[in-house]
S.K.: 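Submitted below is the structure of interest, expressed as structure tokens.
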Amino acid sequence: MDAFEIVRDAADKIKRMEVRGAARIAKFAVETLKRFAELVNENFDENMRKAAEILLNTRPTAVSLFNAINYVMRYSGESLEEKRESVIRRAEEFINWVDTARAKIGEIGAKRIKDGYVVMTHCNSSAALSIIKTAFRQGKSIEVIATESRPRYQGHLTVRELSEEGIPVTLIVDSAVRYFMNEVDCVVVGADTITVNGALINKIGTSQIALAAKEARVPFMVAAETYKFSPKTLFGELVVIEERDPEEVAPKEILSLKNVKVRNPAFDVTPRDYIDLIITEIGAIPPEMAYIIIRERLGYSGMEYEEIRVSAKHFD
Ligand code: RUB
């Protein structure tokens, strides 16, 4: 495969959701950029930029993809070899960030899960599951309630993963969340994006769970690596919510009915008032601290918009 074919093939895998989940998408995009940089021998800057844009124009909502690509694209060097080495080094740094952050979130978050807890989770988040698995590995007897997460049923991945780990898990339909909430001790979900004002963007249905949790006084925790915080929201941009093909949610005979519209948003927004804690790899923080993370951890203070090297064309 030639270098651009590798990138287009990777972009296709992300679009078709063969590779999915904010952390996995970010890591996969960075691995792809690294492979690309190893193969490119001319017009390095221009070709890197093109490859970065192809990858960015896949899924619009998870800021992890944007942060990952921009991390790598801040490479330095004068000669081709220096630039190539810098891309490879930065890509490896980012990959290491993904892996170590997930483990650290597991350690920190597990302290909030007590022996005997019933934990509800939604979709399939590697960060949220890291917390649940760490608590279980510490010997705590816990149970999980997992939503199926229509329309793509990522809940099936979650129950499979938990079952392999030996963790008792109950699968429920998304609309049964309120029914089961009184049996739940805490909710743990992942994040696609955290905005500067501490709102969470995650799999569609997350905000309903947060609402039900608040009403039932059940703590609602978010597991989010610091690369899930959005510098773009600091500059006033809104997060684009991906709306997918209606065919994912309704059969053709319904889609062809007169006067019927079918919509399929993939994510929703949970306001910060519904979030008790965000578990990051650098600590458990209240959502109000999102700005500090964007400024101090990601290094954007609002002055250096030009520092953001690559933006998705279709979604801006
Ligand atoms: C996945 C989803 C996950 C977050 C966090 O959506 O909403 O909760 O991406 O996952 P999709 P992780 O399946 O549409 O990509 O913690 O693994 O990054």
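Along the sequence shown, residues carry numbers from 1. In listed order, ligands and their atoms are each counted from 1. Keep in mind that what you see is a predicted model, and the values were worked out from it rather than measured.
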S.K.: So, 4.0 Å and heavy atoms of His122: is ligand 1 close enough to count as a contact?
M.R.: no
S.K.: Out of Ser149, Ala101, Ser125, indicate the one that has the non-hydrogen atom closest to atom 10 (O) of ligand 1.
M.R.: Ser125
S.K.: Can you tell me if Lys228 has a non-hydrogen atom under 4.0 Å from ligand 1?
M.R.: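 Right, Lys228 reaches ligand 1.
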S.K.: Between Asn47 and Phe36, which heavy-atom pair has the shortest distance, and what is it?
M.R.: O-CE2, 3.4 Å
S.K.: Using a 4.0 Å cutoff against the non-hydrogen atoms of Lys203, which atoms of ligand 1 qualify?
M.R.: 6 (O), 7 (O), 11 (P), 14 (O)
S.K.: For atom 2 (C) of ligand 1, which candidate among Asp192, Val189, Val19, Val98 provides the closest heavy atom?
M.R.: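 Looking at heavy atoms only, Asp192 sits closest to atom 2 (C) of ligand 1.
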S.K.: Looking at ligand 1, does any of its N/O atoms fall within less than 3.5 Å of an N/O of Ala23?
M.R.: yes
S.K.: Just do the side chain to side chain donor-acceptor pair (under 3.5 Å) check on Asn124 and Thr158 with the steps written out, would you?
M.R.: CA-CA 5 Å; Asn124 177 256; Thr158 295; 3.0 Å; yes
S.K.: Please report the closest heavy-atom contact between Ile209 and Met181, naming both atoms and the distance.
M.R.: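 For Ile209 and Met181, the tightest heavy-atom pair comes out as O-CE, 3.7 Å.
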S.K.: Among Ser126, Gly205, Ala223, Gly190, which one has a heavy atom closest to atom 17 (O) of ligand 1?
M.R.: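 The residue whose heavy atom sits nearest atom 17 (O) of ligand 1 is Ser126.
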S.K.: Is the closest side-chain heavy-atom distance between Asp268 and Ile241 below 4.5 Å?
M.R.: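 Counting from C-beta outward, Asp268 and Ile241 never come under 4.5 Å.
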S.K.: Does Asp273 offer a backbone N or O that forms a donor-acceptor pair with the side chain of Lys214 under 3.5 Å?
M.R.: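 Yes, because the side chain of Lys214 sits within donor-acceptor range (under 3.5 Å) of the backbone of Asp273.
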S.K.: Could you walk me through whether Glu85 and Tyr75 pass the side chain to side chain donor-acceptor pair (under 3.5 Å) test, one step at a time?
M.R.: CA-CA 9 Å; Glu85 265 169 39; Tyr75 62 84; over 6 Å; no
S.K.: With a cut-off of 4.0 Å, which atoms of ligand 1 are near a heavy atom of Asn202?
M.R.: 2 (C), 3 (C), 4 (C), 7 (O), 8 (O)
S.K.: Can you list the ligand 1 atoms lying under 4.0 Å from a non-hydrogen atom of Gln154?
M.R.: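 So the answer, numbered in order with elements, is 11 (P), 13 (O), 14 (O).
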S.K.: Around atom 13 (O) of ligand 1, find the nearest protein heavy atom and jot down its residue, atom name and distance.
M.R.: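 The closest one turns out to be Arg20 NE, 2.4 Å.
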S.K.: Below 4.0 angstrom, N of the basic side chain to O of the carboxylate: do Arg35 and Glu38 qualify?
M.R.: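 Salt bridge: no.
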S.K.: Side chain or backbone of Arg59 under 4.0 Å from ligand 1, or both, or neither, by non-hydrogen atoms?
M.R.: side chain
S.K.: Can you sort out which atoms of ligand 1 are near Phe267, meaning under 4.0 Å from one of its heavy atoms?
M.R.: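 Taking each heavy atom of Phe267 in turn, ligand 1 has 6 (O), 7 (O), 14 (O) under 4.0 Å.
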S.K.: Under 4.0 Å between a side-chain nitrogen and a carboxylate oxygen: does that hold for Lys83 and Glu81?
M.R.: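 So Lys83 does not pair with Glu81 through a salt bridge.
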S.K.: Does the N or O separation between Ala22 and ligand 1 drop below 3.5 Å for any pair?
M.R.: yes
S.K.: Ligand 1 and Ala127, any nitrogen or oxygen pair closer than 3.5 angstrom?
M.R.: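 The answer is yes, given that Ala127 and ligand 1 share an N or O pair closer than 3.5 Å.
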S.K.: Going by heavy-atom distance to atom 5 (C) of ligand 1, choose the closest among Ala191, Ser130, Cys123.
M.R.: Ala191
S.K.: Whether Glu92 and Arg89 form a salt bridge (side-chain N of Lys/Arg under 4.0 Å from carboxylate O of Asp/Glu) is what I want to check.
M.R.: no
S.K.: Identify the two heavy atoms, one from Glu281 and one from Ile108, that lie closest to each other, and give their separation to 0.1 Å.
M.R.: O-CD1, 3.9 Å
